[in-house]
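Taking it in order: structure first as structure tokens, then the write-up.
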Amino acid sequence: MSESSLKAKTFPMTRRTFSASLVAAAALSSADKASASLTRRSVADRFAYVGSGEGEAGAIHVLDLSTSGSRIVQTVAAASPVHLELHTSGSMLYAIHAVSEWESLPRGAVSAYSIDAETGHLTLRQTQPLALSAINPSHALVTSNGSHLIVAVAGGGSYNVLPLENNGLLLPVSGLFKEVGFSADAYAGKISAPSSLVLHSNGRTLVAADTGNGSLSTFHLEDGSLTPLHRRRVHNGAGPSQMASHANSRYIYALNSVDGSVSVHRVDTSRGQTQASHQRIATNGARTIAMHPSGRFLLTSNGAAITAWKIDRSTGRIHPVKTLPVSANRIAFDGQGRTVIAADASSGRIMRGEFSLATGAIGQLTEVASLPSARSLVLL
Amino acid sequence: MSSTVTAKDPRYDLLRRGRNARFPAKDSDAVARIEVCQNAEDVAEALQRIVSAGMRPTVRSGGHCYEDFVVNNPGGAIIDVSMLNDTETGPGGKGPYKVGAGGMLGSVYTELYKKANVTIPGGSCYTVAAGGHISGGGYGVLARLQGLSCDYVTAIDICTVEANGKVAKRHADKHHDADLFRACLGGQGSNFGVITAFYFDSLPAAPQYMSNAGVNFPWETMTEEKFIHIVQTYGGYFEKRGKDPDTWPMFTFMGLNRRGPEGSRGGIGISASMHGMNGEPDLSIPTEFLDLFLKCGDAHSDPNPATTSHQTPRRGDRQQMAPCVAGKHAFSTRSWLDATTGGQGAGGGNGNTRGKYKSCYMKKNFTTEEARRIYKHLTREISGVPVGGIIAVDSYGGATNKPHLANETAMPQRASVMKLQFQQYWQDPAEDEARIKFFDEMYTDIYSANVDAEHAGTPFHNEFYEGCYINYPDVDMVRYPFWGELYYGTEGLFPFLQGVKKTYDPNNIFHNAMSIRPKA
């Protein structure tokens, strides 16, 4: 077990209880086109960025994974970093601030940090507020052409679209879609709480999971505008909170936080909708989900154990193959799928293991860092 | 079906803006379209289309919103209800009375007077419309005599949006959607939905006549001591004598104009308007009031004073003012309807005028330190702010101060005797920053004299103040975590409104920078 030390602290660190969401690593597609003004990174999987804490005690920690004794090389202040997302070029990191107020107005915010190619260090370039009422954002993704950042806003029940300049900097919100509930009984109906986004490989079909109204919605994305295509109720009592997309984009795996199930849905881009699940499987209370870059395995974790599920290539159905008893609330693969990073939210332990593509087993699990908490994670 | 005005329509450039030329601040803030509705069915249908399209609706009746709450709606849609302007009475001119949300006050007063000899004790700005005015409280020159507009409302028609995104048309009153009804009596309907009409089972009789006269103190001979004497004479009257019911037919206005350049005309003006319900008014009350100012020194009699901040003295017959003589003030008497609507009250700015506003409810007289700070700011030189600015001090209290109404409406301020509106108007956008900064500095300084440290900079509720008026919204106030209490009081009204919000607008469809925010 390696010692870790905090370097370049910018503020006093306090241990805090954290709540939920750490995002699966965004695998960089080799087909992605980098912006002309952003240099594409050549060295992948060396740095990990971990968001921790809430409010003014929030921070982003930069971990250098290249050495055997992986270390924290930088910590920067960042309010409630519920989600971290990389620009397709890997040269800019976006932090989604899950706050209910920014500069006294009811809205969340997004910050853009440039990434030093050699050191992985972050430099805050700007913070852009979301639209009015877009409070407590939950998730975001960068479009495959690097032109826009789309933000799912759980608190505000909406989606915000922010254009990106050629250098990756954020422009003000240019488009938004305000969601509503989805219930026949108006008074008892749940209201919308968008929580997770997946962009189809066609770059035009956005799938959104809504924990509040219990649905998977599809949108057509064009020129920064979202046009709703379809909305499907998952199943009663589901509460889809996270999603993973199969590498072939034919299937969406929805982690349903209320009943702890995973539901498997085909994506029909010709009709612009997800289909009703053809498999729903109990996961013993899974809280996070991650897709192997090969599309052959899916990982879930319920906080006490990580389970590997093998995916049937023709049907998308999953069945469990391995279970590793380890305390982890967030898991992510590196770009090649050989390494798994697991984070335990309550203890702040960050662990690294080797993933077997043959069996789905995770071996050689070692602690690489210890942080006050961990709520978001992305690998570069 | 509503008329949809998009950017390609020649009407778009006008209809995307309100009456404050500051907004939208930039083109990218503007709405994508405006839905001009002619009836309640249009409103419901337009609202449904907007919500189903995932857009944000904002609502406009008269277009006088002081901030950018309506027109700063990037990519959204304005629901324009200005055409819902019918005023109806029951048979024989009796109640119930119905006033469309788009009814302009001047037209409403005229119709109610001619059809039924009644009135709504609303505001003095002719082109303000009922929707925002009444649902935010609605006070005017008859408030002391008759109360607030919202005190007379007995039902409202309003479109809300359910949790599942479906529009619901509601007729809310004390027995149906009672909480929503109460919330719209001062809590601003635009927090909860789109109001299309107000109903009144009964309304007070319209006065027959109004007489007014005034006094004026020129800046040329003003001193700090004299200024303090003047404002404390005014405030002292309403703290004490003004609580007597025989004074309630009188409305007064004190215009604390910022001192202009040397040689310019201008001064501190005080007017007294007395309403006569049956025949010409008894002038002994306003005479007694105006006589008080003679001891301030150098008082001039003004036969054509501005009766509110929206009115300027009539040009053409302006004459040199003579020194005041006790008991002899130059009252002019006109029919009430003419005095109320006759070519006056079109204030609040027009499309070319930029404005900034603040407010304060006062429960007591001005303190000496408070008055001294007002004087300081009205007389200091400010770079980038050449002229302009007024603190309008309206008489208040009387029939507005019925404590039980604080629990029956969403207007908690029921103990004040004066109501202040800080106003500034200008044309040049280059002056925006300096003017807004000047106002903020002045307001912050004035309301640090009599306020505890935690709430300093605001007229937070204490023995002197009752906070601010939501129909004079000031977005500067949201920097204070207690801004909700500042506008809605400390007795639980704001949590109540949050509860109504959760029930009737669970998706927070209707929102702006100062709307009721969902509970954390």
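Keep in mind that the numbers below use all heavy atoms, side chains included, and drop hydrogens, waters and symmetry copies.
Heavy-atom neighbours of A/R232 CZ from other residues, nucleotides or ligands within 6.0 Å: above the threshold of 12. The 12-atom threshold is not exceeded at CG of A/D223, counting heavy atoms of other residues, nucleotides or ligands nearer than 6.0 Å. By the neighbour-count criterion of 12 heavy atoms within 6.0 Å, atom NE2 of B/H176 is sparsely surrounded, having that number or fewer from other residues, nucleotides or ligands. The local environment of CD in B/E433 is sparse, with at most 12 non-hydrogen atoms from other residues, nucleotides or ligands closer than 6.0 Å.
Residue A/E103: no heavy atom, backbone or side chain, is found under 4.5 Å from chain B. Heavy atoms closer than 4.5 Å to chain A are found in the backbone of B/A53, but not in its side chain.
Separation of atoms CG (A/L105) and CE (B/M514) is listed at 10.0 Å; rounding is to 0.5 Å. Between atom OG1 of residue B/T58 and atom CG of residue A/L132 there is a gap of 11.0 Å, rounded to the nearest 0.5 Å. Atom CG of A/L176 and atom CZ of B/R56 lie 9.0 Å apart (nearest 0.5 Å).
Between the side chain of A/K178 and the backbone N or O of B/N507 there is at least one donor-acceptor pair closer than 3.5 Å.
Taking the side chain as every heavy atom from C-beta outward, A/N213 and B/N164 never approach each other to under 4.5 Å.
Residues B/N508 and A/S133 come closest through the heavy atom pair ND2-CB, 3.6 Å. Closest of all the heavy-atom pairs between B/A513 and A/P106 is O-CD, 4.2 Å. Heavy-atom minimum distance, A/S104 versus B/R479: OG-CA, 3.3 Å.
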